[in-house]
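Taking it in order: structure first as structure tokens, then the write-up.
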Amino acid sequence: QVQIVESGGGLVQPGGSLRLSCAASGFSFSSYAMNWYRQRPGNERELVATISTAGLNRNYADSVKGRFTISRDNAKNTVYLQMNSLKPEGTAVYYCYLIYRGIDYWGQGTQVTVSS
């Protein structure tokens with residue numbers, strides 16, 4: 001049974017940093033690309049970052065390039081999202097996502113609020 005669980009969200013001031021974690025189980029983690037999405041209030045869910053199986057290929061939304069870093073630890077079945085220089089528009093629920101055997105799997109999300 002596939003499970004993905006995000007953690008690490010919270011309240012942070014503009015310019016601050018947070019690291020999100022996504023712990024996965026129930027599948028061969030190292031064989032699948034992993035993704036972070038976010039949903040800002042009043043907006044559709046949007047792709048933030050993607051990482052390939054070995055972590056060699058990483059892609060980012062233009063809005064976060066240079067500030068966010070996606071990484072993974074295949075020994076721990078965990079993917080991370082390091083978020084630096086956070087802006088108020090970064091306030092959102094952040095989700096971990098993968099496609100496994102043709103099925104979409106989403107975590108429950110973790111709330112990030114950027115506010116002074």
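Any value given below was found using the heavy atoms of this structure, including those in side chains, with hydrogens, waters and symmetry copies removed.
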Exercise. Should Val48 and Leu86 be counted in the same cluster of Ile, Leu, Val, Met, Phe, Trp and Tyr side chains packed under 4.5 Å apart?
Worked result: yes

Seminar exercise, completed: Separation between OG1 (Thr50) and CG (Asn57), nearest 0.5 Å, reads 10.5 Å

For this session: Describe, in one word, how the ring planes of Tyr97 and Trp106 are oriented to each other, choosing from parallel (under 30°), tilted (30 to 60°) and perpendicular (over 60°).
Result: tilted

For this session: May I ask you to test the Thr91-Arg40 pair for a side-chain heavy-atom distance under 4.5 Å?
Result: no

For this session: Could you tell me whether the side chain of Arg72 and the main chain of Thr53 form a donor-acceptor pair under 3.5 Å?
Result: yes

Quick one: side chains of residues 16-33, donor-acceptor pairs under 3.5 Å with protein atoms, not counting sequence neighbours, listed by atom name and distance.
{"residue": "Ser17", "atom": "OG", "partner": "Asn84", "partner atom": "OD1", "Å": "2.9"}
{"residue": "Ser28", "atom": "OG", "partner": "Ser31", "partner atom": "OG", "Å": "3.2"}

Seminar exercise, completed: All heavy atoms of Gly90 vs all of Arg38, minimum pair found to be CA-NH1, 3.9 Å

Problem set entry | Same cluster (ILVMFWY, side-chain, under 4.5 Å), Tyr105 and Tyr37 | no

Scan the side chains in residues 64-71 for donor-acceptor partners under 3.5 Å anywhere in the protein, sequence neighbours excluded, and list what turns up.
{"residue": "Lys65", "atom": "NZ", "partner": "Asp62", "partner atom": "OD1", "Å": "3.1"}
{"residue": "Arg67", "atom": "NH1", "partner": "Ser85", "partner atom": "O", "Å": "2.9"}
{"residue": "Arg67", "atom": "NH2", "partner": "Ser63", "partner atom": "O", "Å": "2.7"}

Exercise. Between the side chain of Thr110 and the main-chain N/O of Ser7, is any donor-acceptor distance below 3.5 Å?
Worked result: no

Seminar exercise, completed: Which of Leu81, Val79, Val5 passes side-chain contact (heavy atoms from CB on, under 4.5 Å) with Cys96? Answer is Val79

Exercise. Looking at Trp36 and Glu6, what are the two nearest heavy atoms and their distance?
Worked result: CZ3-CG, 3.8 Å

Problem set entry | Minimum heavy-atom distance between Ala92 and Gln111, given as atom pair plus value | O-NE2, 3.4 Å

For this session: Identify the heavy atoms of Ala54 and Asn74 that sit nearest to each other, and give their distance.
Result: CA-ND2, 4.4 Å

For this session: Report the residues that fulfil side chain to side chain contact (heavy atoms under 4.5 Å, CB included) with Ser115, sequence neighbours left out, ordered by chain and then residue number.
Result: Leu11, Thr113

For this session: Please report the closest heavy-atom contact between Leu98 and Met34, naming both atoms and the distance.
Result: CB-SD, 3.8 Å

Problem set entry | Joint cluster assignment, Val2 & Ile103, ILVMFWY side-chain distance < 4.5 Å | yes

Exercise. When hydrophobic residues are tied together by side-chain contacts of less than 4.5 Å, even through go-betweens, does Ile51 share a cluster with Ile4?
Worked result: yes

